[in-house]
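Have a look at the structure below, then the notes.
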Amino acid sequence: MEILKCEGIKKVYGSGANQVKALDGIDLVVNKGEFVAIIGASGSGKSTLLHILGNVDKPTEGKVVVGETDISASNKTQAALFRRRKVGLIYQFYNLIPTLTVRKNILMPLLLDKKKPNQEFFDQIVKSLGIADKLESLPNQLSGGQQQRAAIARSLIYRPALLLADEPTGNLDQKNSKEIIDMLKLSNHNLEQTIVFITHDEKIALEADRIITIADGRIINDERRR
Ligand SMILES: Nc1ncnc2c1ncn2[C@@H]1O[C@H](COP(=O)(O)OP(=O)(O)O)[C@@H](O)[C@H]1O
Ligand SMILES: [Mg+2]
């Protein structure tokens, strides 16, 4: 079953002489439950593509459908709600709010919607991510690996069907990188989540079921490994 479909995605930044063509015709289908790595040189368009898939940014041309929703047609409010409820977004530098405890950071998507957390699910994710004893700490009291776990917990709190991660291990050492990828794998498996992540680490990419290579804003290779 398809969870994600892009047709003819183009993205141009700037105008006139300053124009940069970041994406130049991306067609892509991702099926439910896939664990996909996106690789490619710096500047090839990986982050731009992920931002468009997560409705953080809009394509200049083309269509993006996630689940039943044509997100390329959404307005600002719809886009913000989509990002909060329908996808999990994970970044290289975690993007936690420094003045809030880890607990509040994780619960933020629900707090913004004035929703009560499911305590059992909350306990389950913080336990499986190994941060149950860090909930009352501030982000800067945690190691990089722990901060990334907190960011992953936040991205999971709404149980999104689709998780998007931009170099989630880019700031971590080898041991922590492997652990983070293992956790994503577990989440892919246990919560039946579809995961698309960017990496420049070939070893990490080999953990994925499918590796998509981008160069100059185009998909130049798409390899299913299992
Ligand atoms: N906000 C922006 N404004 C102008 N150019 C941008 C912007 N974001 C990215 N670009 C350009 O688009 C191209 C693709 O960038 P990006 O998607 O960040 O690549 P990657 O993540 O693969 O390193 C690069 O040439 C980059 O400089
Ligand atoms: Mg990038």
Side-chain angles (χ1 to χ4, degrees), residues 4-30 34-66 71-72 74-76 79-80 82-83 87-96 144-145 147-149 151-152 154-155 160 162-174 176-178 180-181 183-184 194-223 225:
L4 179 66
K5 187 174 190 170
C6 301
E7 282 171 6
I9 297 294
K10 294 190 180 181
K11 179 70 181 181
V12 179
Y13 288 113
S15 58
N18 297 323
Q19 256 190 17
V20 177
K21 206 183 241 181
L23 295 177
D24 190 18
I26 299 277
D27 297 305
L28 174 64
V29 172
V30 175
E34 280 194 292
F35 190 45
V36 185
I38 297 180
I39 59 172
S42 178
S44 56
K46 305 182 296 295
S47 294
T48 301
L49 176 60
L50 207 78
H51 290 157
I52 288 172
L53 301 182
N55 215 346
V56 176
D57 202 357
K58 288 263 190 270
T60 310
E61 257 181 65
K63 189 170 154 181
V64 186
V65 180
V66 176
I71 61 170
S72 27
S74 63
N75 65 30
K76 261 197 174 157
F82 175 87
R83 286 196 300 273
V87 293
L89 294 167
I90 302 167
Y91 294 94
Q92 181 176 349
F93 294 107
Y94 332 126
N95 288 10
L96 298 167
Q147 288 185 59
Q148 190 59 299
R149 289 154 198 255
I152 291 175
R154 177 184 56 190
S155 77
L162 178 63
L163 214 63
L164 304 171
D166 193 347
E167 309 242 14
T169 66
N171 201 35
L172 302 176
D173 61 27
Q174 212 169 16
N176 272 298
S177 297
K178 179 70 169 70
I180 292 293
I181 288 299
M183 280 165 198
L184 293 179
T194 308
I195 301 186
V196 179
F197 71 101
I198 294 173
T199 183
H200 62 261
D201 184 331
E202 272 173 40
K203 233 170 149 186
I204 294 286
L206 290 174
E207 300 285 329
D209 304 330
R210 178 178 173 192
I211 303 178
I212 293 172
T213 312
I214 298 201
D216 296 327
R218 291 196 190 137
I219 293 176
I220 56 161
N221 197 37
D222 187 347
E223 182 194 354
R225 308 183 58 250

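Remember, it's 1-based here, ligands and their atoms both numbered in the order they're listed.
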- Query: Do L89 and R83 come within less than 4.5 Å of each other through their side chains, counting heavy atoms only?
  - Reply: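 When only atoms from C-beta onward are counted, R83 and L89 do touch, with a gap below 4.5 Å.
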- Side-chain touch R225/L206, heavy atoms, less than 4.5 angstrom: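 When only atoms from C-beta onward are counted, L206 and R225 do touch, with a gap below 4.5 Å.
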- Message: By the ring-ring contact (aromatic ring centres under 6.0 Å, His included) test, which pairs, at least two apart or in different chains, include something from residues 194-221?
- Response: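 Applying ring-ring contact (aromatic ring centres under 6.0 Å, His included) to every pair that reaches into residues 194-221, excluding sequence neighbours, yields F35-F197.
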- Query: Does any donor atom in the side chain of S74 or N55 lie under 3.5 Å from an acceptor atom in the other side chain?
  - Reply: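 Yes, side-chain donor-acceptor contact under 3.5 Å.
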- Query: Can any side-chain N or O of Q148 pair as donor or acceptor with the backbone N or O of Y91 at less than 3.5 Å?
  - Reply: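 Checking the backbone N and O of Y91 against the side chain of Q148, a donor-acceptor pair under 3.5 Å is found.
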- Please answer whether the main-chain N or O of G40 pairs with a side-chain N or O of K46 as donor and acceptor at a distance below 3.5 Å.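 Here the side-chain-to-backbone pair exists.
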As a test of reading the model: which N/O atoms of the protein lie under 3.5 Å from N/O atoms of ligand 1, and at what distance?
from	atom 1	to	atom 2	distance (Å)
ligand 1	17 (O)	T48	N	2.9
ligand 1	17 (O)	T48	OG1	2.5
ligand 1	19 (O)	G45	N	3.2
ligand 1	21 (O)	S47	N	2.9
ligand 1	21 (O)	S47	OG	2.9
ligand 1	22 (O)	S44	N	3.2
ligand 1	22 (O)	S44	OG	3.4
ligand 1	22 (O)	G45	N	3.1
ligand 1	22 (O)	K46	N	2.9
ligand 1	22 (O)	K46	NZ	2.8
ligand 1	23 (O)	G43	N	2.7

- Item | Residue and atom, protein N/O/S, under 2.8 Å of the Mg ion (ligand 2) |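 Protein N, O or S atoms closer than 2.8 Å to the Mg ion (ligand 2): S47 OG.
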- With I52 as reference, evaluate S47, P59, C6, S72 under the side-chain contact (heavy atoms from CB on, under 4.5 Å) test and give the passing residue.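 Only one of S47, P59, C6, S72 forms a side-chain contact (heavy atoms from CB on, under 4.5 Å) with I52, namely P59.
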- Task: Over all heavy atoms of both residues, which pair between A215 and I220 is shortest? Give the atoms and the distance, please.
- Result: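 Distance-wise, the nearest heavy atoms are CB-CD1, 3.8 Å.
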- Message: Going by side-chain hydrogen bond (donor to acceptor under 3.5 Å, both in side chains), name the residues that satisfy it together with D173, two or more places apart in sequence or in a different chain.
- Response: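 With sequence neighbours excluded, D173 shows a side-chain hydrogen bond (donor to acceptor under 3.5 Å, both in side chains) to N176, given in chain and number order.
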